[in-house]
Amino acid sequence: MLDRYARGFTTRLFTPLARLLLSWGVTPDAVTIAGTIGVAGGALLFYPLGQLFWGTVFITLFVFSDVIDGIMARLKGHGGPWGSFLDSTLDRIADGALFAGVAIWFFTGGQNTMIAVAALGCLVLGMLVSYARAKAESLGFTANVGIAERAERLVSVLVVTGLTGLGLPEGFLLAVLLALAAASLITVYQRIRAVRLQSLDAEPAP
């Protein structure tokens, strides 16, 4: 939802940077890989040490690579199955590292098992949200529906985790993670329902 409404703004914002990188000979794949390394590295290095604010700042510097690489591919006219596959696969790595980093800290030094378990729940359900869409598309259906797509999950967890590092009570982070897990579960249901309805429409009449 957020991605659809913000796409025009982010495209206008990052197109100059995308053009600059292309003029330097940087490829969209290189940006995708660098962004994933930055997000995953920041999440697994800063968060387990309890550096929630600075970890979020570091991650944010790389998280927009997911927008920039797409703009670069469109400018080059090279968008295709390979780029889509690489981007989607590395997104799963980045998302997994993000929630895993939060979980590791709160299982250890953060000493808040409820937040850690909620973060793991978001990790699993987030992967399921993405899998449902990918599997649907592999079968010829569409499942790009739902109230908790990737943009919503990332913005929610990054903003609240960063503020928690600045002193926001941990209860807010727990509430957001629980709400995000619930929204992800609803999104999975919405995608299953959407595919089921499409499959019924595709069945030949008796």
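The minimum heavy-atom distance linking Arg191 with Val129 is given by the pair NH1-O, 2.8 Å. Gly83 and Asp29 make their closest contact through CA-OD1, 4.5 Å (heavy atoms, listed as atom of the first residue, atom of the second, distance). Across all non-hydrogen atoms, the minimal contact from Val145 to Ala194 is CG2-CB, 4.1 Å. The minimum heavy-atom distance between Met72 and Val31, with the atom names listed, is SD-CG2, 3.5 Å. Across every non-hydrogen atom of Ala143 and Ala132, the tightest pair is CB-O, 4.4 Å. Nearest heavy atom pair, residue Ala43 against residue Ala97, reads CB-O, 3.4 Å.
Distance OG1/Thr15 to CG/Leu20: 12.5 Å, rounded to 0.5 Å. Going from atom CG of Asp87 over to atom OG1 of Thr36 covers 7.5 Å, rounded to the nearest 0.5 Å. Remark: Asp95 CG to Arg153 CZ distance equals 6.0 Å, nearest 0.5 Å. Distance OG1/Thr32 to CG/Asp66: 7.5 Å, rounded to 0.5 Å. Distance CG/Leu128 to CZ/Arg133: 14.5 Å, rounded to 0.5 Å. Distance check, rounded to the nearest 0.5 Å: OG of Ser184 to CG of Leu123 gives 10.5 Å.
One hydrophobic cluster, built from ILVMFWY side chains closer than 4.5 Å, cannot hold both Tyr131 and Phe85; they sit in different ones. Grouping the Ile, Leu, Val, Met, Phe, Trp and Tyr side chains by contacts below 4.5 angstrom, directly or via other members, places Val159 with Leu177. In the hydrophobic clustering of ILVMFWY residues, with side-chain heavy atoms under 4.5 Å counting as a link, Leu44 and Leu61 come out apart. Cluster annotation: Val39 and Phe46 are assigned to the same hydrophobic cluster (Ile/Leu/Val/Met/Phe/Trp/Tyr, side-chain heavy-atom contacts under 4.5 Å, transitive). A single hydrophobic cluster is not seen to contain both Phe99 and Leu125; linkage of ILVMFWY side chains at heavy-atom distances under 4.5 Å, directly or through other members, places them apart.
Contact annotation: the side chain of Ile93 approaches that of Leu90 to within less than 4.5 Å [non-hydrogen atoms, C-beta and beyond]. Between Phe106 and Leu173 the shortest side-chain heavy-atom distance falls below 4.5 Å.
In this structure, the side chain of Thr161 does not engage the main chain of Leu158 through any donor-acceptor pair within 3.5 Å. In this structure a side-chain-to-backbone donor-acceptor pair under 3.5 Å is present from Thr187 to Ile147. For Ser84 (side chain) and Pro81 (main-chain N/O), no donor-acceptor pair under 3.5 Å exists by modelled atom type. Checked by atom type and distance alone, the side chain of Arg92 pairs as donor or acceptor with a backbone atom of Ser88 at under 3.5 Å.
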> Under the side chain to side chain contact (heavy atoms under 4.5 Å, CB included) criterion, do Tyr47 and Ile104 qualify, and how do the steps go?
Replying inline: CA-CA 8 Å; Tyr47 283 175; Ile104 291 170; over 6 Å; no

>> Let's go through Val176 and Phe172 carefully: what are the C-alpha distance in whole Å and the side-chain angles of both, what is the deciding distance for side chain to side chain contact (heavy atoms under 4.5 Å, CB included) to 0.1 Å, and is it a yes or a no?
In response: CA-CA 6 Å; Val176 167; Phe172 285 94; 5.5 Å; no

>> Pair Thr113, Phe107 - check side chain to side chain contact (heavy atoms under 4.5 Å, CB included), show working.
In response: CA-CA 6 Å; Thr113 304; Phe107 269 133; 3.9 Å; yes

>> For a side chain to side chain contact (heavy atoms under 4.5 Å, CB included) check, start with the C-alpha distance between Leu52 and Trp105, then their side-chain angles and the critical distance, and finish with the verdict.
In response: CA-CA 9 Å; Leu52 303 182; Trp105 166 245; 4.1 Å; yes

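For the side chain to side chain contact (heavy atoms under 4.5 Å, CB included) with Thr60, the lone residue among Phe62, Phe64, Phe58 that qualifies is Phe64.
Within a 6.0 Å radius of CZ in Phe141, more than 12 heavy atoms belonging to other residues, nucleotides or ligands are found.
Applying the salt bridge (charged side-chain N to carboxylate O under 4.0 Å, His left out) definition to pairs two or more places apart or across chains, none involves residues 115-124.
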